[in-house]
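The structure appears right after this line, and notes come after that.
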Amino acid sequence: MQKPINYFPVIAAVTIIAAAMVYWVITNNSQKSAQNDKELLNRARTNYKAVINGVDKSATVFYEHVIDKPRVRQILEQAGSHYGKERDEYRKELYQFLLPHYRKMKEAGFRQLHFHLPDCTSLLRFHRPSKYGDNLKPFRYSVARTNETLQPTSGFEEGRIFNAYRFVFPTLKGDKHLGSVEISASFLLINQALEKLEQSHISLLIKKSIIEGKVFEDEKDNYKTFDLQKSYVWDKNIVETANGKTDFQFLNKLIAQQPDKVRNAINDNFTSLTNIVLDDQNYALIVYPVPNIQGSHVASMLMAYPNSYALQLEKELSIRLAILFSLYLLLTLAFVVIIKRDRRILKTTRQLKQSQTDLADADEVKGKLFEIITHDMRNHFSAVNGFAGLLDRKFYGQDPKMDKLLNGLKDSIHLTNNLMGNLFVWSRIQIGKVEYQPEMFEATKWVQKLVDTFASIMERKQITFVNETKGPVYFYGDKDMLAYMISNVLHNAIKFSDKESKIKFRLIDKTKESVIVVKDEGKGMSAQKVDQIMSRENWSGSMKETDIGLGLLVTRRLIDYHNGKINIESKPGVGTTVKVTIPKK
C-alpha cells in the first residue's frame, strides 16, 4: 500500500531557507546602515579638519600681514622694557593702533586678539582690555609652550575668559624674544563654516571641571549647565546668538528623543553616531570629542545631519521582512493544502487501482469473449460461404433472379467475412496477443493467390484488375499480417470503385524495402478526409466506419509491427492511391 508522502523534511527545509533569507536580509541591511554611518562619520571628520585648517590659514595670514610688522614689534619691545604707567601708555598705543584691525577680525568671525610678554604675563586682551597683568603660564599651555619653544602653537584650549581655537605665534625682533600673540576663533566661527559645507545643526559642550578650574570667577556666568549631563556646560556666548540659539534649541529637542543613548555617547571618548527620528525625519547625531592642545578630552562637538537613507533602510527592511513572512505563510498554507490533497489523491488512487484491477479483469474476460465470438463467427461464416458455393454450382445460370440473389449473398458473405477478420485481428491487438513472426519470402505468386479471392466480386462489379508487378519481389515480414494489409487495401479499392473501372496493383522490390501500390478509379476522398482517417487512433465501431475505418486502422497497426509506413493520395471523383512501404530488415 502506498504511504503518504512525508512533507516534514520539505517544510523544515523551507523554514531553514526562510530563516537564512531573513538573516541575510537583516545582515545586509545592518551592513548598509553601518557603511552609511561610517561615511557620515568620515564626512564629519573631513569637514571639521577642513574648517580648522581654513581658520588656521586665516589666522596665519592675519598675523603675517597685520601683527608681524615693525610698528607692532616696536611697541611690544617698549612695553616689555617699561613698567607701571609707562607700560600702560604703550598698551594703550598698541590697542589704538590695532583696534580697527581687531574689529575687522571680529567681523570675520575671530573672537580674541591677546598679547603676552615673554614670561607669559597677559599684556593686552582686546576682548577685555581692562584685564591684564595675570600670569597665564599655569593655565595656558599654548602660551607657555610658544614662549618656551618660540614656535607657533594651535588647537582648542580653555582660557581664563573664553574657550576658543587658539593660534599662538611668537613675536621676535631679530634674535630678541618680545613675547607672543594669540589669535582665537570662537566655536561659533567653526559652527558657521561647517554649516556652509553641509546642512546641519552644530554646537559645543565643555567639561564643567575645566571651566571651574580655569575661568575667572566673574566670567563663569558665560556658561550654562547641560541638563542631561551636568558635568558638561554650554557656552552662552554661542547658544544665545541668533544661529547658535537655533542649533541649541534643535539639538535639545533631538536629544530628548533618546537621552540615554546621547548621554552614553557624550561620556565616551571616541566619535559616535546615533540615529534619531524627529518629526518623521531621521537625523544622525554625531558626538565628536574635542581634545585640547595637550590631547586631553575637554569638550564634545554635537553635529546633527539629516540622514534619510537610514529611515529608507528601515522601511526597506520592514518591507522585505513582510514579503518573506508572507511568502513563508503562503508556502506553509500551500503545503497544508498539498498534504490534504495528497491524502485525497492517495485515497482516490487506491480506489482507482481497485477499479483498474476490476476493469482489467473485465477487459480480459471481454477480450477473450470477443476473440471466441469472432473466431466462432468466422468459422460459421466459412460454413455459410461453403453452402453458398454449393448453391452457386447447383443453381447458377438457371434463373436470372436466382443468380442475382446468389451474387448478393456471396458479396455479403465476402464483406462480412472481411469485417470479421479485421475484428478478430483488432481484438488480438487490444489484448496483446498478436505474434510478429517475420520471414524473407518471394511474394509474387503468394499475392496472386490472395488477389484471386477477390476475382468473383471484381467480376460482378465489372472491375478490371491490372497487375503491373514485374519480376520477383521479396518481402521481409509476417505473412499473415501482410495478407490482412493487402486484403484491406484491395477491399477498400473494390468497395469504393465504380462499375467498369480499373484497379492497378503493383509490387516493387527495392534494395532496403518492398512497396505495395494499389490505385483505383473510385469516388476518391478530400485531403481533409484523408487527414481525418490517417490521424484516427482508435475505432469507435460506428456503422460508417466498419469498412474503411476498421480496415485501415488494423492495416496501420500491422504496418507499425513492420516499422513500415503508409501513404494515401486521393482526389474526389478521380480515385485513390495507397502506398505501403515495408523495410526488409
Side-chain angles (χ1 to χ4, degrees), residues 51-80 82 86-118 120-134 136 139-140 142-143 146-147 152-173 178-193 204 215-216 218-219 222 235-238 240-244 293:
V51 167
I52 297 301
N53 289 337
V55 174
D56 190 352
K57 289 180 181 179
S58 297
T60 302
V61 168
F62 184 82
Y63 170 75
E64 291 174 350
H65 289 79
V66 176
I67 306 300
D68 192 22
K69 296 297 179 181
R71 176 63 176 158
V72 174
R73 287 196 294 270
Q74 182 183 1
I75 296 173
L76 288 175
E77 184 179 15
Q78 293 298 325
H82 292 83
E86 292 181 347
R87 177 177 288 182
D88 290 342
E89 290 298 322
Y90 287 114
R91 180 184 297 111
K92 184 177 180 181
E93 183 181 355
L94 182 62
Y95 182 76
Q96 294 297 329
F97 180 73
L98 291 178
L99 183 60
H101 297 287
Y102 173 67
R103 287 171 178 169
K104 290 181 179 180
M105 186 181 77
K106 286 190 67 177
E107 290 175 1
F110 285 89
R111 191 174 199 176
Q112 300 174 29
L113 180 60
H114 191 180
F115 286 88
H116 328 106
L117 295 174
C120 301
T121 299
S122 172
L123 176 66
L124 174 62
R125 292 181 173 93
F126 273 71
H127 54 288
R128 291 285 195 280
S130 60
K131 286 186 178 291
Y132 58 86
D134 53 304
L136 300 175
F139 307 100
R140 295 290 309 283
S142 59
V143 175
T146 299
N147 283 286
T153 303
S154 62
F156 182 83
E157 189 175 35
E158 327 74 46
R160 300 288 280 167
I161 299 175
F162 295 124
N163 64 88
Y165 287 86
R166 306 179 189 276
F167 307 93
V168 184
F169 302 92
T171 54
L172 303 170
K173 185 179 180 181
L178 303 178
S180 60
V181 60
E182 172 193 329
I183 302 170
S184 298
S186 164
F187 180 78
L188 191 59
L189 175 61
I190 309 300
N191 185 344
Q192 292 170 346
L204 185 71
V215 176
F216 290 124
D218 59 346
E219 298 288 348
N222 290 325
D235 186 336
K236 290 171 66 176
N237 290 282
I238 296 174
E240 291 182 357
T241 60
N243 292 336
I293 295 174

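As the structure is a computational prediction, the values presented were derived from the model and not from experiment.
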May I have the step-by-step check of side-chain contact (heavy atoms from CB on, under 4.5 Å) for Val55 and Leu189, ending in yes or no? CA-CA 9 Å; Val55 174; Leu189 175 61; 4.1 Å; yes
In terms of heavy-atom contacts, Val66 and Lys69 come closest through O-CG, 3.4 Å
Donor-acceptor pair, side chain of Asn191 and main chain of Phe187, under 3.5 angstrom: no
d(Leu178 CG, Ile75 CD1) to nearest 0.5 Å is 12.0 Å
Taking every heavy atom of Ile183 against every heavy atom of Ala59, the minimum-distance pair comes out as CD1-O, 3.5 Å
Taking NZ, NE, NH1 and NH2 as the nitrogens, is one of them in Asp134 or Arg140 under 4.0 Å from a carboxylate oxygen of the other? no
d(Asp68 CG, Arg73 CZ) to nearest 0.5 Å is 5.0 Å
In this structure, CZ of Arg166 is separated from OG of Ser142 (nearest 0.5 Å) by 6.5 Å
Are the side chain of Arg87 and the backbone N or O of His82 linked by a donor-acceptor pair below 3.5 Å?
yes
Here the gap from Ile52 atom CD1 to Asp56 atom CG, rounded to the nearest 0.5 Å, amounts to 8.5 Å
Residue set satisfying side chain to side chain contact (heavy atoms under 4.5 Å, CB included) with Ser186, at least two apart, ordered chain then number -> Arg111, Leu188, Ile238
Here the gap from Lys173 atom NZ to Glu77 atom CD, rounded to the nearest 0.5 Å, amounts to 3.5 Å
Tightest non-hydrogen contact, residues Thr241 and Asn237, listed as CG2-O, 3.1 Å
Quiz item: Are there more than 12 heavy atoms of other residues, nucleotides or ligands under 6.0 Å from atom NZ of Lys57?
Solution: no
### Message
With a 4.5 Å cut-off on side-chain heavy atoms, are Leu76 and Phe115 touching?
### Response
yes
Closest heavy-atom pair, Ser180 versus Val143, reported as atoms and distance to 0.1 Å, is OG-CG1, 4.1 Å
Result for side-chain contact (heavy atoms from CB on, under 4.5 Å) between Leu113 and one of His127, Arg125, Met105, His101 points to Met105
Self-check item: Residue pair Tyr63 / Pro152, side-chain heavy-atom distance below 4.5 Å
Solution: no
To the nearest 0.5 Å, atom OG1 of Thr153 lies from atom CZ of Phe169 at 9.5 Å
* Asked: Mind checking whether Glu89 and Gln78 have side chains closer than 4.5 Å, heavy atoms only?
  -> no
query = Mind checking whether Tyr95 and Leu124 have side chains closer than 4.5 Å, heavy atoms only?
reply = yes
Exactly one of Lys131, His116, His114 clears side-chain hydrogen bond (donor to acceptor under 3.5 Å, both in side chains) with Ser122, and that residue is His114
Is there side-chain contact between Tyr165 and Ile190, with at least one heavy-atom pair below 4.5 Å?
yes
Minimum side-chain heavy-atom gap Ile67-Leu98 below 4.5 Å: yes
Note to self: Would you say that Leu204 contacts Phe156 through its side chain, given a criterion of any heavy-atom pair below 4.5 Å between the two side chains?
What the structure shows: yes
